[in-house]
Trainee: 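My questions will all concern the structure given below.
Values below: every heavy atom of this structure, side chains too, minus hydrogens, waters and symmetry copies.
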Amino acid sequence: MKEELREERRELDTRITSLEGEMKEAKAEAREDYRKAIADLKEQRTKLDAEGDRLEAATKENWQEVKTDVRQTADQVEAKLKKAGNDIK
């Protein structure tokens with residue numbers, strides 16, 4: 001689970017870097033869309049970091065709950081990651 005979370009974070013970081021590069025080359029009217037997509041992915045990265053902290057602090061008693069929450073967050077992040085940049089003009 002921890003490795004999956006690390007991989008998800010790496011993918012997010014890679015996509016953010018990619019979008020930042022694309023934004024530099026984009027026409028002015030598309031830059032705001034890039035900014036929004038990048039900000040959204042950075043917010044998702046923050047959520048993953050928080051879930052990583054919860055995972056680290058999980059106890060035997062709450063492990064299943066934390067694991068389920070982390071998986072749901074990771075799935076949401078994955079969906080946002082796939083969508084990122086698709087709505088850019």
Trainee: Under a 4.5 Å cut-off applied to non-hydrogen side-chain atoms, are Ile38 and Met23 in contact?
Mentor: yes
Trainee: Among all residues two or more places apart in sequence or in another chain, which pass the side-chain hydrogen bond (donor to acceptor under 3.5 Å, both in side chains) test with Arg31?
Mentor: none
Trainee: Test salt bridge (Lys or Arg N to Asp or Glu O under 4.0 Å) on Glu20 and Lys42 and set out the steps.
Mentor: CA-CA 12 Å; Glu20 288 171 336; Lys42 286 182 177 180; 3.4 Å; yes
Trainee: Going by the rule side-chain hydrogen bond (donor to acceptor under 3.5 Å, both in side chains), which residues pair with Glu3 if we only count those two or more places apart in sequence or in a different chain?
Mentor: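 Once residues adjacent in sequence are excluded, the partners of Glu3 under the side-chain hydrogen bond (donor to acceptor under 3.5 Å, both in side chains) criterion are Arg6, Arg10.
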Trainee: Do you know which of Glu65, Gln72, Arg71 makes side-chain contact (heavy atoms from CB on, under 4.5 Å) with Thr68?
Mentor: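 Result for side-chain contact (heavy atoms from CB on, under 4.5 Å) with Thr68: Gln72.
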Trainee: Between NZ of Lys24 and CG of Leu19, what distance do you get to the nearest 0.5 Å?
Mentor: 12.5 Å
Trainee: With a 4.5 Å limit on heavy-atom distance, are the side chains of Asp49 and Arg9 in contact?
Mentor: yes
Trainee: Could you go through the side-chain contact (heavy atoms from CB on, under 4.5 Å) check for Thr73 and Gln44 one step at a time?
Mentor: CA-CA 9 Å; Thr73 299; Gln44 297 306 311; 5.7 Å; no
Trainee: Using the test side chain to side chain contact (heavy atoms under 4.5 Å, CB included), find all partners of Lys67 that sit at least two apart in sequence or belong to another chain.
Mentor: Met1, Trp63, Gln64
Trainee: Before giving the answer on salt bridge (Lys or Arg N to Asp or Glu O under 4.0 Å), spell out for Arg15 and Glu22 the whole-Å C-alpha distance, their side-chain angles and the decisive distance to 0.1 Å.
Mentor: CA-CA 10 Å; Arg15 186 65 176 134; Glu22 290 175 25; 3.7 Å; yes
Trainee: Atom CD of Glu25 and atom OH of Tyr34: how far apart are they, to the nearest 0.5 Å?
Mentor: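 One gets 9.5 Å once the value is rounded to the nearest 0.5 Å.
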Trainee: Quick one: NZ on Lys47 to CD on Gln76, what's the gap to the nearest 0.5 Å?
Mentor: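 Those atoms lie 6.5 Å apart.
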Trainee: CG of Leu41 to NZ of Lys83: how many Å apart, nearest 0.5 Å?
Mentor: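 Those atoms lie 10.5 Å apart.
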Trainee: Calculate, to the nearest 0.5 Å, the distance between atoms CG and CZ belonging to Leu5 and Arg54 respectively.
Mentor: 11.5 Å
Trainee: Nearest 0.5 Å, what's the NZ-CG distance between Lys80 and Asp40?
Mentor: 4.0 Å
